[in-house]
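Read through the structure below, which is laid out as structure tokens, and then see the notes.
Sequence lines set the chain letters: A, B, ... in the order given, protein chains first and strands last, and positions in each chain run from 1.
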There are 2 protein chains.
Amino acid sequence: MPPQTRPTIADVARAAGVSKGLVSFALNDRPGVAPDTRARILAAAAELGWTPSLSARSLSVGRAFACGLVIGRSPDVIAADPFFPTFIAGLEDEFSVTGQALVLAVATPGRKEAETYRALATDRRVDGVILTDIRVDDPRIPLLQELGIPAVTLGVPDVASPFAAVSADDGVGIRLAVDHLATLGHRRVAHVAGPDAMLHARRRSESFQAAADAAGLRSRIVETDFSAADGARATAALLDAADSPTAIVYSNDGMAVAGMAVAQQRGIRVPEDLSITGFDDTEIGRWVHPALTSVTTDARGWGLVAARTLLRAIAGEPPARIALADPTLAVRGSTAPPPLAAD
Amino acid sequence: MPPQTRPTIADVARAAGVSKGLVSFALNDRPGVAPDTRARILAAAAELGWTPSLSARSLSVGRAFACGLVIGRSPDVIAADPFFPTFIAGLEDEFSVTGQALVLAVATPGRKEAETYRALATDRRVDGVILTDIRVDDPRIPLLQELGIPAVTLGVPDVASPFAAVSADDGVGIRLAVDHLATLGHRRVAHVAGPDAMLHARRRSESFQAAADAAGLRSRIVETDFSAADGARATAALLDAADSPTAIVYSNDGMAVAGMAVAQQRGIRVPEDLSITGFDDTEIGRWVHPALTSVTTDARGWGLVAARTLLRAIAGEPPARIALADPTLAVRGSTAPPPLAAD
DNA sequence: TTGTACGCGTTATCAA
DNA sequence: TTGATAACGCGTACAA
């Protein structure tokens with residue numbers, strides 16, 4: 001018994017009585033191969049159990065057949081935010097059927113982000129990357145242009161971008177939340193926002209401001225780093241202030257849950273004394289008490305579309321701008337009319 | 001200006017006035033290169049900005065310089081469990097400094113697990129894989145043996161395994177929780193367990209049983225799929241039963257949070273009427289009200305050690321059995337003595 | 001230290 | 001149109 005060596009294209013060619021090149025043509029469905037010859041080649045390949053070597057293919061065509069995702073948040077923040085696991089499942093929905101691998105990198109404060117992208121690029125590890133949490137004047141846009149890597153951004157950057165973008169209009173979701181609160185009768189509302197440097201967080205803040213103004217509500221905004229701890233801090237600050245809000249719109253579910261705990265700890269009842277809304281409608285929000293009213297976004301669908309769009313970009317299609325369906329509001333127990341003496 | 005072509009090893013050899021082979025030797029710190037020649041070669045490489053091509057290296061040495069992680073839980077369950085993001089950050093702590101890439105795959109019900117591993121193997125995408133959530137008579141062990149891929153398992157499998165294992169003794173953590181409750185005076189306790197098919201979940205159950213017996217407590221165990229929804233269901237069942245427990249030990253934090261909500265919804269106060277403990281001491285548990293008493297495990301450290309161990313296995317070292325530090329118990333507000341009339 | 005074969009597909013060139 | 005041949009991508013390993 002010969003040593004366990006996998007068959008090569010040469011073995012297949014020999015078995016089918018043709019040349020290496022023709023095997024390649026046959027397998028890639030390219031013209032110039034007679035039907036019966038093609039059949040003979042495919043049969044030989046199947047018989048031998050031959051699969052083209054990925055590394056050989058990578059070397060000759062210069063593609064990695066993989067895409068990259070660099071997560072730039074600190075571990076604490078990703079751990080508290082179920083968006084990423086769900087989004088990644090969505091990416092895989094597409095990648096797994098197209099034979100792409102997903103290369104995941106984590107750029108914590110210690111591992112600089114730019115280095116991570118550069119490493120991915122110089123090694124040609126990936127054929128393209130997905131950019132999440134787009135920031136104001138995001139340095140990754142010019143960096144990836146320089147590196148010559150195709151990309152897809154989640155949301156449209158505020159700088160000129162040659163990349164495809166897949167966006168959901170967070171503003172619509174925030175507006176739904178504010179309108180819901182206004183309809184319930186709230187007059188003093190607050191927003192616990194994400195980092196103002198992140199475009200989607202900023203957009204949520206702006207939409208909050210606009211919606212509150214339109215509804216004639218008094219409003220306040222507190223910025224956070226998206227972590228549950230910071231959400232708790234922000235909530236405490238809001239509740240301590242004179243003229244504290246009767247409703248708080250949070251920029252993610254984790255912070256909303258933390259905020260709810262802070263309120264309850266002070267004997268402030270949710271929703272009787274304070275209404276709370278979350279964002280992303282994650283699993284955990286459904287299982288706290290009271291259940292969280294939250295803006296529903298389709299993280300998994302977003303992943304799927306982002307992956308698909310990136311693959312098209314890699315294939316050379318011009319950068320597309322794709323808009324996802326607008327978010328909706330899942331109304332649950334954490335919102336109610338304000339206390340009677342509120343105003 | 002010539003087309004943007006990256007320099008090859010031949011370019012470096014020419015620039016340094018040596019042969020290709022010697023460049024390779026110099027770069028890999030191998031003997032047989034005169035010091036000054038080596039310096040000249042390195043200088044030339046730096047000057048040209050040359051980096052060895054990963055795909056060429058992969059082809060010639062037959063390594064992918066990447067490791068794989070296949071997550072087999074359903075997206076709902078991963079989204080609710082912060083263990084994975086944190087664990088992945090730990091993997092990256094090691095991989096990022098050793099030039100390995102992390103290939104992440106998600107094997108949902110639709111994408112069969114075995115196929116995923118097979119695909120990884122036939123494409124030689126990875127040099128080794130990390131196996132989490134080891135199950136009873138886990139089919140992945142023989143599968144990976146058959147595929148010839150090195151692996152590291154999280155925990156020691158119950159079948160003969162040729163792979164390295166990195167384990168934390170969950171039993172210790174559960175015992176700490178039960179003893180804590182017994183000391184507080186509880187006499188009727190319950191455990192909301194993970195899937196009995198998962199070895200670590202089963203171990204937690206067994207330890208719970210043993211600890212409860214040893215302390216002379218009446219006990220009950222309910223199995224779940226680890227999801228928050230199932231945790232809620234299990235809690236409802238426990239609270240509905242006659243002779244319901246005064247304390248519940250959960251197998252993860254997400255379920256504990258969900259269980260707490262179910263109790264509160266029924267007007268059962270935590271911890272006055274019901275004590276609750278979680279597992280993994282995740283961020284969210286610190287920010288619910290009351291804060292969750294939870295077993296602290298070091299997911300990130302686990303990732304680091306697992307990655308390191310896998311790399312050693314890939315390098316050919318014999319399979320190691322590594323034990324991590326024992327978990328501890330973080331006591332917070334969700335546990336207290338049972339109500340007076342409890343017994 | 002050097003030269004060269006080798007790993008393995010892909011693709012351009014050329015002959016039938 | 002069908003097929004063969006050979007060059008190519010790039011680093012590694014071994015004989016010289």
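Proximity note for L59(B) (side chain, C-beta onward) versus dG9(C), dG11(D), dG9(D): the nearest is dG9(D). Closest to the side chain of V61(A), out of dG11(D), dT2(D), dT10(C), is dT10(C). Closest to the side chain of K20(A), from the set dT2(C), dG9(C), dT2(D), is dG9(C).
Residue S53(A) places no side-chain N or O under 4.0 Å from the OP1 or OP2 atom of dC8(C). Phosphate contact (OP1/OP2 of dC8(D), side-chain N/O of S60(A), threshold under 4.0 Å): absent. Residue W50(B) places at least one side-chain N or O closer than 4.0 Å to OP1 or OP2 of dG11(D). Proximity of R30(A) to the phosphate of dT11(C): a side-chain N or O atom is located under 4.0 Å from OP1 or OP2. Considering only side-chain N and O atoms, R57(B) lies under 4.0 angstrom from the phosphate OP1 or OP2 of dT12(D).
Surrounding CD of Q145(A) are more than 12 heavy atoms belonging to other residues, nucleotides or ligands, all under 6.0 Å away.
The distance from atom CD1 of I9(A) to atom C1' of dT11(C) is 11 Å, rounded to the nearest whole Å. Between F65(A) atom CZ and dG9(C) atom P the separation is 12 Å, expressed in whole Å. Between L22(B) atom CG and dC10(D) atom C1' the separation is 17 Å, expressed in whole Å. For the pair D11(A) CG and dC6(C) C1', the computed distance is 15 Å after rounding to whole Å. In this structure, L54(B) atom CG and dT12(D) atom P are separated by 11 Å, rounded to whole Å. Nucleotide dG9(C) holds its C1' atom 15 Å from the CZ atom of R63(A), rounded to whole Å. Taking atom CZ on R14(A) and atom P on dA4(D), their separation rounds to 14 Å, with Å as the unit. Remark: P of dC10(D) and CG of L48(B) are 14 Å apart, rounded to the nearest angstrom.
The backbone N or O of K20(B) lies less than 3.5 Å from no partner atom in the side chain of S24(B), so there is not a single donor-acceptor pair. Under the 3.5 Å distance criterion, the side-chain polar atoms of T153(B) are matched with a main-chain donor or acceptor of G155(B). Between the side chain of T122(A) and the backbone N or O of R118(A) there is at least one donor-acceptor pair closer than 3.5 Å.
When heavy atoms are screened at a 4.0 angstrom cut-off, V23(A) is found touching no nucleic acid atom at all. S55(A) comes within 4.0 angstrom of nothing in the nucleic acid, heavy atoms only. Among the atoms of the strands shown, only primed sugar atoms or phosphate atoms (P, OP1, OP2) are found under 4.0 Å from some heavy atom of V18(A). Using a 4.0 Å heavy-atom cutoff across all strands shown, T37(A) reaches sugar-phosphate atoms only and no base atom. Using a 4.0 Å heavy-atom distance criterion, T8(A) is classed as a sugar-phosphate-only contact.
Salt bridge R73(B)/D81(B): present, at least one basic N to carboxylate O contact under 4.0 Å.
Geometrically, R140(B) does not engage Y117(B) in a cation-pi contact defined by less than 6.0 Å to the ring centre and at most 45° from the axis.
In terms of position on DNA chain D, the residue among F25(B) and R40(A) whose nearest nucleotide sits closer to the 5' end is R40(A).
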